[in-house]
Amino acid sequence: MKLQAVKGTRDILPNRQAFWHHVIGRVGSVMARSGVREIDVPIFEHTEVFTRSAGASSDLVVQKEMYTFTDRGGRSITLRPEFTGGVLRAFIEHGMVNWPTPVKLWSHGPIFRGEQVQRGRYRQFHQVNCELVGLPGPLIDAEAISLLYDALRACGLKDLVVRLGSVGDPEDRARHNHYLRAALNPHREALSEASKTRLVLNPLRLWDSKDPGDQELLKDLTPPLEHLSNEARDHFEGVKSYLDDWEIPVEVDPAIVRALDYYRRTAFEIHHSAIGAQSALAGGGRYDGLIGHLGGPDLPGVGWAFGVDRVLDALTVDEVGIPKESGPDLFLIPLDEEAVGEVARLARHLRAAFRVEHSYRRRNPGRGLRDAERSGAPLAGLRGAAERETHSLTVKDLVSGEQRDILEDNLPAFLRKAGRA
RNA sequence: GUGGAUGUAGCUCAGUCGGUUAGAGCGCCGGAUUGUGGUUCCGGAAGUCAUGGGUUCAAAUCCCAUCAUCCACCCCA
């Protein structure tokens with residue numbers, strides 16, 4: 001069989017690199033200005049990190065969507081299917097409980113999930129992730145959401161809407177699950193196959209179903225948001241009012257449900273129309289209790305992640321102009337065999353301060369200038385017998401067509417001046 | 001995991017009814033041009049027709065399987 005990338009993985013070719021740098025760069029600058037510090041965690045962890053963080057009934061675990069293997073020491077290792085588990089493991093391991101509160105961390109890198117592939121959904125994909133740890137009140141939830149919103153805006157996306165809801169506290173969830181079971185068990189035969197399983201395992205997730213039959217049954221039931229305790233309700237209203245105050249467009253989604261079991265209270269997503277079925281760009285929520293569950297101090301937290309691949313798709317839809325790959329500052333053309341080496345030596349010298357490329361063999365001026373043109377350089381430097389005599393280059397401005405002799409020694413000064421112009 | 005579509009040069013795609021040596025545009029390389037580019041002209045390289053099997057005198061073309069991609073479900077980022 002022909003060698004090819006594994007299903008669900010893909011190469012990021014040189015001409016796409018600028019897009020990635022654009023997104024990571026813009027996000028990084030929003031984070032830096034907001035006091036969020038970057039952290040890198042391993043791409044794989046002990047499997048337990050993720051089974052304990054994602055939760056036993058989550059799809060990651062239940063549907064066996066994790067890339068898990070046994071290493072040579074007999075340890076069960078898993079390629080990270082999310083950032084939160086690893087970041088919180090690092091938080092605990094490095095005693096960040098002693099850092100000033102809140103601890104604000106962001107990361108980006110590849111994530112692995114063994115799901116069915118489709119455009120916008122890959123098995124290795126790139127996420128940007130953010131965790132804000134240590135504060136219980138609604139203000140930090142609102143900051144998390146605004147960080148996410150501002151980061152995506154900074155990338156150039158328009159028409160973003162935050163879908164905000166609350167899954168309540170564990171007691172609210174338990175109450176709601178009980179309520180759903182009681183209401184739907186009599187109709188369980190009418191439910192879709194997937195939803196029958198949900199009814200047993202995790203009834204809350206029924207609200208995720210897009211099956212028309214399921215929707216019909218759910219229509220008359222009250223969604224999770226209506227089942228909140230007073231405290232959770234106040235928390236939700238608090239988040240909402242901060243976001244309203246900051247003029248972030250919010251759509252309340254009373255039936256919002258997240259895939260991972262650890263969410264408490266605040267849950268949110270950001271969607272973008274027009275990128276097909278995979279419209280969710282980002283998601284996140286509050287996870288009080290998770291750090292304690294992982295064996296750390298009992299601290300609250302809130303976090304989110306967005307998929308860089310999908311953001312890039314959405315940017316293409318929004319036709320956001322991303323600066324093209326720029327060419328070198330100078331392109332050198334050797335006009336005879338002897339000049340090939342001379343030009344290479346000169347390029348190496350100039351590369352201490354400038355971007356310089358050259359033809360790798362003797363060129364006639366016409367062909368050489370075509371090479372220079374294609375490289376995207378604004379200036380071409382020709383070197384032949386005449387220039388050798390005077391230790392100079394014939395430097396041609398490829399836009400104006402003007403050209404002049406520049407002594408080798410004067411090239412750095414000349415390029416600096418040209419760069420400023 | 002389910003349903004559907006697709007797979008021909010690096011890219012986008014033609015390829016008739018199954019019939020000789022599989023084509024085009026773009027791109028790439030060279031030349032026209034041993035001192036001046038973008039245009040133009042000429043030439044060249046590049047194909048396991050996704051892979052494997054089958055039917056046939058003969059398969060890119062028909063059949064089966066596998067792999068991959070895309071769309072939807074599902075799920076999510």
Side-chain angles (χ1 to χ4, degrees), chain A residues 1-10 13 15 54 58-60 62-65 80-84 108-129 148 152 192-195 197-198 205 208-212 214 257-260 268-272 275-284 304-314 331 333-339 359 361-387 393-403 405:
Chain A
M1 200 180 71
K2 226 193 308 188
L3 243 35
Q4 55 182 280
V6 172
K7 181 176 180 152
T9 69
R10 54 195 195 144
L13 299 179
N15 62 1
S58 73
D59 288 333
L60 280 182
V62 175
Q63 313 271 5
K64 303 199 177 12
E65 288 179 355
R80 64 185 180 204
E82 53 144 16
F83 267 106
T84 304
H108 70 93
I111 293 291
F112 305 85
R113 293 184 195 169
E115 290 187 287
Q116 192 57 261
V117 306
Q118 199 182 119
R119 170 169 289 288
R121 186 170 61 191
Y122 308 95
R123 290 184 175 173
Q124 176 181 334
F125 59 100
H126 211 89
Q127 273 193 348
V128 168
N129 182 81
L148 171 58
L152 292 174
S192 64
E193 281 312 307
S195 290
T197 315
R198 290 188 183 117
R205 299 220 63 208
D208 252 354
S209 177
K210 280 157 204 125
D211 181 88
D214 294 353
V257 177
R258 307 248 63 230
L260 303 169
F268 52 91
E269 293 174 354
I270 286 189
H271 286 254
H272 187 274
I275 52 169
Q278 312 302 324
S279 73
L281 288 180
W304 50 254
F306 72 78
V308 178
D309 310 71
R310 278 189 199 172
V311 166
L312 290 178
D313 282 350
F331 192 95
I333 301 162
L335 296 177
D336 56 32
E337 290 302 335
E338 202 179 338
S359 295
R361 54 184 199 164
R362 195 231 114 226
R363 286 300 205 188
N364 63 46
R367 187 56 112 161
L369 287 166
R370 201 166 97 183
D371 290 348
E373 181 67 34
R374 284 193 216 184
S375 78
L379 295 171
L382 296 101
R383 171 73 165 206
E387 291 83 0
L393 289 181
T394 298
V395 176
K396 176 159 188 166
D397 184 317
L398 292 170
V399 180
S400 68
E402 279 175 62
Q403 64 182 42
D405 278 2

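The structure presented is a predicted model; accordingly, all values stated were derived computationally and were not measured. Chain identifiers are assigned alphabetically (A, B, ...) following the order of the sequence lines, protein sequences preceding nucleic acid strands; residue numbering begins at 1 within each chain.
Rounded to the nearest Å, the gap between the C1' atom of B/A9 and that of B/A60 is 14 Å. Annotation: B/U61 and B/G38 have their P atoms spaced 44 Å apart (nearest Å). Here, B/G15 and B/A24 have their C1' atoms 10 Å apart, quoted to the whole Å. Comparing the C1' positions of B/G4 and B/U40 gives an interatomic distance of 48 Å, to the nearest angstrom. B/G23 and B/A14: their C1' atoms are spaced 7 Å apart (whole Å). Atom P of B/C26 sits at a distance of 11 Å from the matching atom of B/C42, rounded to the whole Å. On the C1' atoms, B/C63 is 37 Å away from B/G27, given to the nearest whole Å. Distance check on atom C1': B/U2 versus B/C62 gives 28 Å, rounded to whole Å.
Minimum atom distance to the side chain of A/Gln118 is reached by B/C71, of the listed B/U36, B/U33, B/C71. Considering only side-chain atoms of A/Gln127, the nucleotide from B/A77, B/C71, B/U36 that sits closest is B/A77. Proximity note for A/Ala280 (side chain, C-beta onward) versus B/A77, B/G37, B/G35: the nearest is B/A77. The side chain of A/Arg362 sits closest to B/U34 out of B/A77, B/U34, B/G35.
The residue A/Val117 sits close only to the backbone: its heavy atoms come under 4.0 Å of sugar-phosphate atoms, none of a base. Looking at heavy-atom distances under 4.0 Å, A/Ala380 makes no contact with the nucleic acid at all. Residue-level contact check: A/Gly384 touches the bases, meaning some heavy atom is under 4.0 Å from a base atom. No contact: A/Ala372 has no heavy atom under 4.0 Å from any strand. Counting non-hydrogen atoms under 4.0 angstrom, A/Gly368 reaches nothing in the nucleic acid. Residue contacts for A/Arg363: at a heavy-atom cut-off of 4.0 Å it reaches the sugar-phosphate backbone alone, with no base atom in range. Residue contacts for A/Gly8: at a heavy-atom cut-off of 4.0 Å it reaches the sugar-phosphate backbone alone, with no base atom in range.
Scanning atom types as modelled, no donor and acceptor separated by under 3.5 angstrom connect the side chain of A/Gln403 and the base of B/G37. Between the side chain of A/Arg374 and the base of B/C28 there is no donor-acceptor pair of N/O atoms closer than 3.5 Å. A/Arg367 contributes no side-chain N or O that forms a donor-acceptor pair with the base of B/C29 under 3.5 Å.
For the pair A/Pro365 and A/Leu335, the minimum side-chain heavy-atom distance is below 4.5 Å. Using a 4.5 Å heavy-atom threshold, the side chains of A/Val128 and A/Trp304 count as touching. Between A/Phe125 and A/Arg113, some side-chain heavy-atom pair lies under the 4.5 Å cut-off.
In this structure B/C70 sits in a base pair with B/G4, meeting the Watson-Crick or G-U test at under 3.5 Å. In this structure B/A24 sits in a base pair with B/U12, meeting the Watson-Crick or G-U test at under 3.5 Å. B/A59 makes up no base pair with any nucleotide shown, lacking Watson-Crick or G-U wobble contacts both under 3.5 Å. Using Watson-Crick or G-U wobble geometry with both donor-acceptor distances under 3.5 Å, B/U36 finds no partner in any strand shown. As the counterpart of B/A46, no nucleotide is assigned, since no Watson-Crick or G-U wobble pattern has both distances under 3.5 Å. Across the strands present, B/C41 finds its partner in B/G31; the criterion is a Watson-Crick or G-U wobble pair with both atom distances under 3.5 angstrom. Remark: B/G18 base-pairs with no nucleotide; criterion is Watson-Crick or G-U wobble with both hydrogen-bond distances under 3.5 Å.
Distance, A/Glu337 CD to B/G35 P: 15 Å, rounded to whole Å. A straight line from CD1 of A/Ile333 to P of B/U36 spans 12 Å, rounded to a whole angstrom. Residue A/Glu115 contributes atom CD, which lies 6 Å from atom C1' of B/C76 at whole-angstrom precision. The CD-C1' distance, from A/Glu387 to B/U34, rounds to 14 Å in whole Å. The nearest whole Å value for the distance from the CZ atom in A/Arg10 to the P atom in B/U69 is 11 Å. Taking atom CD of residue A/Gln116 and atom C1' of nucleotide B/G3, one finds them 12 Å apart after rounding to whole Å. Taking atom CZ on A/Arg370 and atom P on B/A32, their separation rounds to 12 Å, with Å as the unit. Whole-Å rounding puts the A/Arg123 CZ to B/C76 P distance at 16 Å.
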Exercise for the section: Report the C-alpha separation of A/Ile270 and A/Phe306 in whole Å, then their side-chain angles, then the decisive distance to 0.1 Å, and conclude whether the side chain to side chain contact (heavy atoms under 4.5 Å, CB included) test is met. Expected result: CA-CA 9 Å; A/Ile270 286 189; A/Phe306 72 78; over 6 Å; no
Exercise for the section: Might you work through the side chain to side chain contact (heavy atoms under 4.5 Å, CB included) test for A/Asp371 and A/Arg363, ending with a clear yes or no? Expected result: CA-CA 9 Å; A/Asp371 290 348; A/Arg363 286 300 205 188; 2.8 Å; yes
Exercise for the section: For A/Leu393 and A/Asp405, run side chain to side chain contact (heavy atoms under 4.5 Å, CB included): C-alpha distance rounded to whole Å, both residues' side-chain angles, the deciding distance at 0.1 Å, then the answer. Expected result: CA-CA 6 Å; A/Leu393 289 181; A/Asp405 278 2; over 6 Å; no
Exercise for the section: Tell me, with the steps shown, if A/Arg310 and A/Arg121 meet side chain to side chain contact (heavy atoms under 4.5 Å, CB included). Expected result: CA-CA 8 Å; A/Arg310 278 189 199 172; A/Arg121 186 170 61 191; 4.1 Å; yes
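Of the two residues contacting RNA chain B, namely A/Glu269 and A/Thr9, the nearest-nucleotide position lying further toward the 5' end is that of A/Thr9. Comparing A/Ser400 and A/Asn364 along RNA chain B, the residue whose closest nucleotide (by nearest heavy atom) sits nearer the 5' end is A/Asn364.
In this structure, A/Arg362 contributes its side chain and A/Glu337 its backbone to no donor-acceptor pair below 3.5 Å.
In this structure, A/Lys7 reaches the B/A68 phosphate: one of its side-chain N or O atoms is under 4.0 Å from OP1 or OP2. At B/U69, none of the side-chain N or O atoms of A/Arg119 fall inside 4.0 Å of OP1 or OP2 (strictly under the cut-off).
Evaluation of A/Phe125 against the base of B/A77 yields a stacking contact (centre distance < 5.5 Å, interplanar angle < 30°).
Shown here for A/Pro110 and A/Arg80, the closest heavy-atom pair between the two residues is O-NE, 2.7 Å.
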